[in-house]
There are 2 protein chains.
Amino acid sequence: MLHEEVVGRIRAILLDGEITPGARIPERELCDRLQISRTPLREALKVLAAEGLVQLLPHRGSRAAKLTDKDVRDLFEVCQGLEALAGELACERITDAEIDAIAAAHADMVRHHREGDLIQYYRGNRAIHEAIVTAAGNPALVALYASVTARIRRARYVTPMTPQRWAFAVKEHEAILNALQRRDGAGLSHILRAHLRHKREEVLQAGFAETEGNDLALRIA
Amino acid sequence: MLHEEVVGRIRAILLDGEITPGARIPERELCDRLQISRTPLREALKVLAAEGLVQLLPHRGSRAAKLTDKDVRDLFEVCQGLEALAGELACERITDAEIDAIAAAHADMVRHHREGDLIQYYRGNRAIHEAIVTAAGNPALVALYASVTARIRRARYVTPMTPQRWAFAVKEHEAILNALQRRDGAGLSHILRAHLRHKREEVLQAGFAETEGNDLALRIA
DNA sequence: TTTTACATTTTTGAATGCAAAATTATCGAT
DNA sequence: ATCGATAATTTTGCATTCAAAAATGTAAAA
């Protein structure tokens with residue numbers, strides 16, 4: 001197994017929440033599971049620690065990183081900056097075909113909302129945000145965005161949702177699509193920031209902080 | 001030696017250009033020099049590869065990463081986004097004392113310009129940009145900014161400079177300080193972006209691309 | 001002389017081994 | 001029984017070792 005694959009597998013395990021934030025990372029167990037020895041596993045853990053997904057405690061092993069409210073606030077703030085930049089650049093560079101693809105994804109997402117399928121809604125939602133960032137045509141930005149959003153993924157996509165907020169988020173997404181179709185960079189940038197600011201408030205209000213025994217589950221209302 | 005220290009030492013070696021971009025990283029030699037074995041060294045190299053400073057080639061060892069023109073363009077673009085965000089946040093949160101410190105650093109920098117001391121000028125310049133980012137009060141942003149600027153440090157601070165451009169950059173910095181003192185977030189954000197856009201154009205025009213035998217040296221004119 | 005096949009050496013990537021540190025268990029004193 | 005000290009165990013971090021891959025060198029054939 002290649003180094004990057006090991007990193008990816010462990011990252012997935014962490015993002016899935018299979019190892020709860022704050023919990024010790026069972027080295028031996030992961031070695032058995034991935035069929036590798038401790039050396040490549042530990043290399044991967046150091047990389048994930050640099051990404052902020054793992055916390056290394058000298059002589060005490062590694063734990064799945066835990067986010068405080070402040071962390072969530074900060075990361076959302078950075079995410080706003082990155083998406084705002086992506087929005088502006090995307091409007092300069094996006095092709096008609098890419099816009100059409102995003103419009104289609106948007107339509108799907110709206111359908112998932114109508115049908116009340118939150119999981120599929122979130123999946124589509126994420127795809128749209130990622131498509132906009134990709135359309136900016138800046139791989140460095142894509143990589144950074146991926147790393148920041150990974151850290152707040154659980155906060156962003158595993159948070160309770162009221163029907164009101166959900167409907168409002170869909171409205172915002174209509175404005176996002178609209179700005180993109182008009183290639184209104186400043187407008188798109190502005191909407192994306194507001195959209196994320198609202199999401200952040202929801203998350204913080206829901207009391208996201210990953211303290212012990214905060215068992216997040218995907219649910220509506 | 002602690003893991004983080006190893007990473008830091010090697011990062012410094014790379015940023016100093018002691019290992020030329022594109023050159024193979026001499027594992028054995030670094031082990032001897034840092035008095036560590038290959039295991040911790042390789043852990044550090046993987047981390048630096050994730051940061052973009054090192055390129056890992058499977059079964060062929062690691063090299064100091066080389067930047068293409070496109071990389072420089074992309075990274076400056078991201079840097080613009082981050083500094084713009086930092087500027088806005090800083091204006092909301094910066095204290096009077098912090099502004100005074102930046103004003104003092106600015107005065108120093110202007111003096112270095114008058115005296116024609118490019119190295120000291122760049123040093124002060126960097127300190128100001130970093131102080132603004134720090135004043136945003138967002139550690140996640142600081143970390144990301146550090147990682148992006150590290151990758152373009154050599155491009156940003158080791159590039160020829162004409163007297164005209166230098167004088168213009170100083171003028172821009174006056175506007176930056178002014179916006180900060182007025183706590184004009186939108187204005188500061190705008191100026192920072194323009195400032196970086198200009199810097200990027202200089203760098204690209206100077207033909208920065210780290211191809212073989214591009215021996216960058218700090219010089220004026 | 002140039003090229004190609006093969007052997008040798010070096011380097012890489014990962015498993016194992018080992019000492020130091022931390023954790024857990026055990027036992028005696030209160 | 002509870003607390004604290006000490007011993008046993010586990011875990012960590014790193015050096016070393018080993019197999020596989022790549023690079024290098026050598027020699028024969030074109």
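Below, read A as the first sequence line, B as the second, and so on, with proteins coming before strands; counting in each chain starts at 1.
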dT12(C), OP1 or OP2 - any side-chain N/O from Arg24(B) closer than 4.0 Å? yes

Answer yes or no: does a side-chain N or O of Arg42(B) lie under 4.0 Å from OP1 or OP2 of dG13(C)? yes

Is it true that Arg156(B) and Glu83(B) make a salt bridge, defined as a side-chain N closer than 4.0 Å to a carboxylate O? yes

Can you check the Ile25(B) CD1 to dT11(C) P distance for me, whole Å? 15 Å

Distance in angstrom units between Arg38(A) CZ and dC18(C) P, rounded: 14 Å

Nearest whole Å is fine: how far is dT11(C) P from Leu57(B) CG? 16 Å

Round to a whole Å and report the spacing from CD of Glu27(B) to C1' of dT10(C). 12 Å

Considering only NZ, NE, NH1 and NH2 on the basic side and carboxylate oxygens on the acidic side, decide whether Asp96(A) and Arg183(A) come within less than 4.0 Å. yes

Reckon Leu41(B) touches a base, only the sugar-phosphate, or nothing at all at heavy-atom distances under 4.0 Å? nothing

Does Ala194(B) offer a backbone N or O that forms a donor-acceptor pair with the side chain of His198(B) under 3.5 Å? yes

Chain A reaches DNA chain D, atoms under 4.0 Å from its heavy atoms, from dT11(D) to dG13(D)

Inspect the contact between Glu202(A) and Arg197(A) and indicate whether a charged nitrogen and a carboxylate oxygen are less than 4.0 angstrom apart. no

In whole Å, what is the span from the CG atom of Leu56(B) to the C1' atom of dT12(C)? 12 Å

Could you check whether Arg33(A) pairs with Glu18(A) (Lys NZ or Arg NE/NH1/NH2 to Asp/Glu carboxylate O, under 4.0 Å)? yes

Any ion pair linking Arg151(B) and Glu51(B) (charged N to carboxylate O, less than 4.0 Å)? no

Under 3.5 Å, is there a donor-acceptor pair between the side chain of Arg93(A) and the main chain of Ala136(A)? yes

What's the CD-C1' distance between Glu5(A) and dA14(C), to the nearest Å? 15 Å

Closest-nucleotide 5' rank along DNA chain C - winner of His59(A) and Ser62(B): Ser62(B)

In this structure, how many angstroms lie between the C1' atom of dA20(C) and the CZ atom of Arg60(A), rounded? 15 Å

